[in-house]
Undergrad: 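Provided herewith is a single structure, encoded as structure tokens, for subsequent inquiry.
Below, read A as the first sequence line, B as the second, and so on, with proteins coming before strands; counting in each chain starts at 1. For clarity, every value in this text was computed on a predicted model and none was experimentally measured.
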Amino acid sequence: MIWDREKIESVLPQREPFLFIDEVIEIIGTEKVVAVKHVRNDAGFFEGHFPGRPVMPGVLLIEAMAQASIILYSLDRPEVVKASPEYYLGKVRAEFLSPVYPGDKLTIETNRVKFLDNAAITDVTAKVNDKIAVRANLVFSIQRNE
Amino acid sequence: MTVNFEEEIKEMVSEIIEVPVERLAADADFFKDLDVDSLKAIEIVAAFEKKYRIIIPEHEIPNIKNIRQITEYTKNLKKD
């Protein structure tokens with residue numbers, strides 16, 4: 001583990017039950033971050049999605065990928081992140097290739113496409129046991145609080 | 001081989017901002033005339049960088065406001 005939960009929370013504004021990164025296991029400069037989410041059996045959303053047939057919602061997989069992307073962005077723009085900006089997803093192009101179930105270990109790899117002070121683009125994959133569950137291109141804006 | 005940069009760039013921009021190529025005048029201002037917001041602008045820049053294998057310095061991005069400027073920028077880079 002390279003980053004533990006405490007370090008992750010120093011960068012991400014999200015908190016439980018909406019924090020979807022447990023650890024960062026690899027960092028390659030400001031180009032790539034690999035992070036892990038252990039999908040808990042008792043996560044509340046499984047109760048309703050779906051009763052008796054729990055599957056992790058696609059929107060939450062995208063959220064996990066976006067959070068990993070903010071971590072990567074923070075390595076390139078630490079001064080922007082230090083100012084506690086707001087992050088807004090603007091555009092998502094995604095392919096959902098296989099379902100994610102309770103107990104799965106989700107490995108998220110995010111790669112920099114373009115980073116600016118007020119916007120960012122990343123290419124991200126989320127895998128379970130080396131099988132790609134989701135592949136996405138994320139475009140998000142970063143708005144500093146005045 | 002002569003490359004028609006303007007046509008290539010129009011097609012690229014058309015796909016990102018979802019405006020038909022025939023409606024993309026070379027001098028149309030991305031922000032005022034074509035409703036391009038900051039996220040679409042970064043998508044245009046990223047696509048442009050990928051296609052022509054270049055990096056546009058961040059401070060120059062706000063100065064690129066229409067397709068004619070991108071085309072001139074590309075021609076100048078290709079001369080170097």
Undergrad: Carefully, step by step, assess B:E43 and A:V139 under the rule side chain to side chain contact (heavy atoms under 4.5 Å, CB included).
TA: CA-CA 8 Å; B:E43 282 189 86; A:V139 183; 4.0 Å; yes

Undergrad: With a 4.5 angstrom heavy-atom cut-off, which part of A:D117 approaches chain B: side chain, backbone, both or neither?
TA: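 Both backbone and side chain.
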
Undergrad: State plainly whether one hydrophobic cluster holds both A:V128 and A:I25, where clusters connect Ile, Leu, Val, Met, Phe, Trp and Tyr through side-chain heavy atoms under 4.5 angstrom apart.
TA: no

Undergrad: Are A:F45 and A:I62 connected, step by step, through hydrophobic side chains (Ile, Leu, Val, Met, Phe, Trp, Tyr) whose heavy atoms are closer than 4.5 Å?
TA: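 Result: yes, single cluster for both.
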
Undergrad: Measuring from atom NZ of A:K114 to atom CD1 of B:I44, what distance do you get when rounded to the nearest 0.5 angstrom?
TA: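 It comes to 13.0 Å.
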
Undergrad: Please report the closest heavy-atom contact between B:L39 and A:G90, naming both atoms and the distance.
TA: CD1-CA, 3.4 Å

Undergrad: Is any NZ, NE, NH1 or NH2 atom of the basic residue among A:R93 and B:E15 found under 4.0 Å from an Asp or Glu carboxylate oxygen of the other?
TA: no

Undergrad: Got a second to check how far B:S38's OG is from A:I142's CD1, nearest 0.5 Å?
TA: 9.0 Å

Undergrad: Spell out, yes or no, whether A:V81 and B:I42 are grouped together once hydrophobic residues are joined by side-chain heavy atoms under 4.5 Å, including indirect joins.
TA: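 Hydrophobic grouping puts A:V81 apart from B:I42.
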
Undergrad: Are A:I28 and A:V11 connected into the same hydrophobic cluster when the rule is that any two of I, L, V, M, F, W, Y join if their side-chain heavy atoms are below 4.5 Å apart?
TA: no

Undergrad: Please determine whether residues A:I70 and A:V92 belong to a single hydrophobic cluster, defined as Ile, Leu, Val, Met, Phe, Trp and Tyr linked transitively by side-chain heavy-atom distances below 4.5 Å.
TA: yes

